[in-house]
Amino acid sequence: MHPRQDGFDDARHERRVIVVGDNGLTLRFIRNLVDNFAFHVVAVIPSGPGGQRDEIRRAAEHNPRLTVREARAVDADVIRDAGLTDAYAVALMDQNDVGNLHLALKLREMSRYLNDDTLPRLVIRMYNSGLRAHMQKLLGDDGVFVKSDADMVARTYAAAALEQIPPGDIVIWDRRLYLARAADPRAQAQWVVATGNEFGVDMIPPDPDNPEDADEAVRLLCLEPVAARRWVKPMLGRVAQWFRQSLHTLRRTFSKGLWMAAAVLMVVMLGGMTTLLTVNSLNASREVNGDFWDALYMLAMMAAGGADPDTTDHWELRLTHVVVVVSGALLIPVVTGAIVQAVVERRYALAEGRMVRAVRDHVIVVGLGNMGTRVVETLRERRIPVVAIEKDRDAIGVRAARAAGAQVLLGDASRPATLQEAEVKYSRSLVAMAKQDSANLETALSGLECKPDLRTVMRIYDPEFAALIRRNLNKNRSLHEASQHSSYSAPQVAAGSFARELTEDEILETIPVRGQIAYIAEVTVEEGAWLDDVPAHKATVPGSHRLLAVRRPTGNIRWNPDAGFQIAHGDKLLVLVTRRGLNEVHGACRPPEAAAGRHRFEA
């Protein structure tokens with residue numbers, strides 16, 4: 001736990017976070033810290049107009065937890081004057097990797113110069129993955145979090161593309177958990193996160209075992225069962241995919257003339273095979289007697305020019321020899337031409353940004369900027385076939401997408417012809433990641449024109465606009481059905497992930513449900529705490545928190561423990577909590593001085 005860390009909502013003193021930046025992500029990050037985590041935020045911004053400065057100033061006028069400090073140039077001295085020595089954390093959110101690194105190094109040096117033994121946390125926004133990998137060498141490991149908003153956002157968009165509920169796969173304690181809208185009979189265990197209707201949701205409802213609650217659930221957390229690894233089905237799928245791609249490649253490789261020539265030659269070969277099988281008056285040294293394999297052997301030798309002429313053979317056999325040898329001689333240039341054409345067309349397709357091979361059940365990603373490229377890489381890490389579409393052939397993401405194993409199609413994705421070339425009719429989903437909202441919306445609608453049941457995922461800057469689009473496109477679907485269309489604000493998604501880095505180390509995952517938030521947290525039971533030596537069901541309070549699993553000091557883990565399971569000090573509890581509920585869990589896992597928390601649990 002970080003030296004400056006205190007209780008989640010501790011009133012002894014407000015935890016101050018200094019945030020540097022004036023962009024859209026910074027604004028939403030500040031709102032997350034103030035509204036969802038009760039931090040006191042000091043926003044350090046350049047004076048004058050620009051960016052989201054006016055919005056940050058207006059937010060400060062209506063929220064006592066937010067103050068603004070302005071300076072002509074934001075540097076380490078300005079941050080020091082904003083309360084560096086008392087700050088719980090400093091977040092550098094500008095879109096300038098080198099500038100953020102320079103400022104972080106200056107702040108670390110200044111903290112040591114001021115004899116600040118408990119250095120503030122540093123959360124640094126940085127896109128350059130190579131530079132991120134070496135940041136710990138420069139800044140140390142203690143309380144330094146270097147994150148890319150593109151990485152954080154990619155996970156959400158990739159999960160939506162695969163028909164998963166964001167944040168997608170959740171791996172905790174070496175087990176996979178996932179979110180569902182309805183009860184999943186395959187899950188080893190499942191817990192209701194929220195129930196509700198079109199008017200609102202109830203977080204962590206009182207009775208998760210009640211069938212009526214399960215029917216009203218809008219979000220469930222499911223534990224994937226441990227299953228033996230199966231090889232046959234994935235292998236059959238790969239063979240089928242290879243076969244489909246091979247057929248598609250053949251169709252694209254052979255021109256109409258080549259197909260006709262090959263067909264004629266194949267007819268000739270089949271005729272020769274029939275003759276060899278039916279004519280029995282062969283030379284005594286070449287008896288076939290209707291044996292298929294002997295006939296095939298002779299046919300192959302004749303086609304390759306390897307059969308010696310024999311004037312004593314039956315006339316039908318001699319005619320077959322002549323026709324097959326001539327056809328074999330003609331077949332060689334046809335095959336050679338097809339191979340040359342395939343190689344040339346492949347090189348031309350790569351150079352011109354055309355499709356190279358067939359794809360099925362793939363994801364189409366439109367836009368290869370920072371975020372679009374990370375979505376492609378995230379999908380490819382999961383071995384999902386991807387076709388990326390980009391207008392600019394010089395975009396950096398083109399090379400990165402190809403390196404990740406995706407096909408890149410150069411063109412305008414808003415044109416149905418481009419989407420049809422990307423095999424949209426056979427695709428799993430379409431992810432529109434361009435920088436302009438209008439372009440993403442137009443692309444999604446063009447995709448639906450080509451394939452009415454297409455699943456779409458859109459990057460929309462304004463969260464309210466994103467929600468309106470999502471609701472209108474899914475208006476014919478019930479709350480318990482999987483959404484066909486998803487739209488997310490990238491700054492909103494990234495802001496929530498950045499904010500989580502400033503919360504307690506126990507928070508392992510954030511689960512958004514229609515504007516409300518639940519957390520998966522890990523808390524240790526201390527000796528003498530209220531939860532020391534009590535049954536497991538005491539660790540669940542409706543509307544506040546729910547026990548998911550217990551890990552003993554020996555390493556043994558009990559998922560979804562029954563009511564008789566006894567909790568003891570030293571145990572780590574994995575709990576599903578609301579923000580208020582995490583405070584209560586802390587109170588119950590610590591010695592008795594938290595009397596208010598104890599009364600709440602005993603109620």
Among all residues two or more places apart in sequence or in another chain, which pass the side chain to side chain donor-acceptor pair (under 3.5 Å) test with [X]?
X      : value
Asp54  : Arg57
Tyr178 : Asp184
Thr26  : Asn23
Arg53  : Asp22

Using side chain to side chain contact (heavy atoms under 4.5 Å, CB included) as the criterion, list what pairs up with Thr373, not counting sequence neighbours. Leu368, Glu377, Ala400
Does Ala154 have any side chain to side chain contact (heavy atoms under 4.5 Å, CB included) partners at least two apart in sequence or in another chain, and if so, which? Arg374, Val375, Thr378
For residues 553-561, which side-chain N or O atoms pair as donor and acceptor with protein atoms under 3.5 Å away, sequence neighbours left out?
from: Thr554; atom 1: OG1; to: Asn556; atom 2: ND2; distance (Å): 3.4
from: Asn560; atom 1: OD1; to: Trp191; atom 2: NE1; distance (Å): 3.1

Sequence neighbours left out, what passes ring pair (Phe, Tyr, Trp, His ring centres under 6.0 Å) with Tyr157? Give chain and number order. Tyr488
Looking at residues at least two apart in the chain, or sitting in another chain, which of them share a salt bridge (charged side-chain N to carboxylate O under 4.0 Å, His left out) with [X]?
X      : answer
Arg69  : none
Glu509 : Arg155, Arg500
Arg175 : none
Asp462 : none

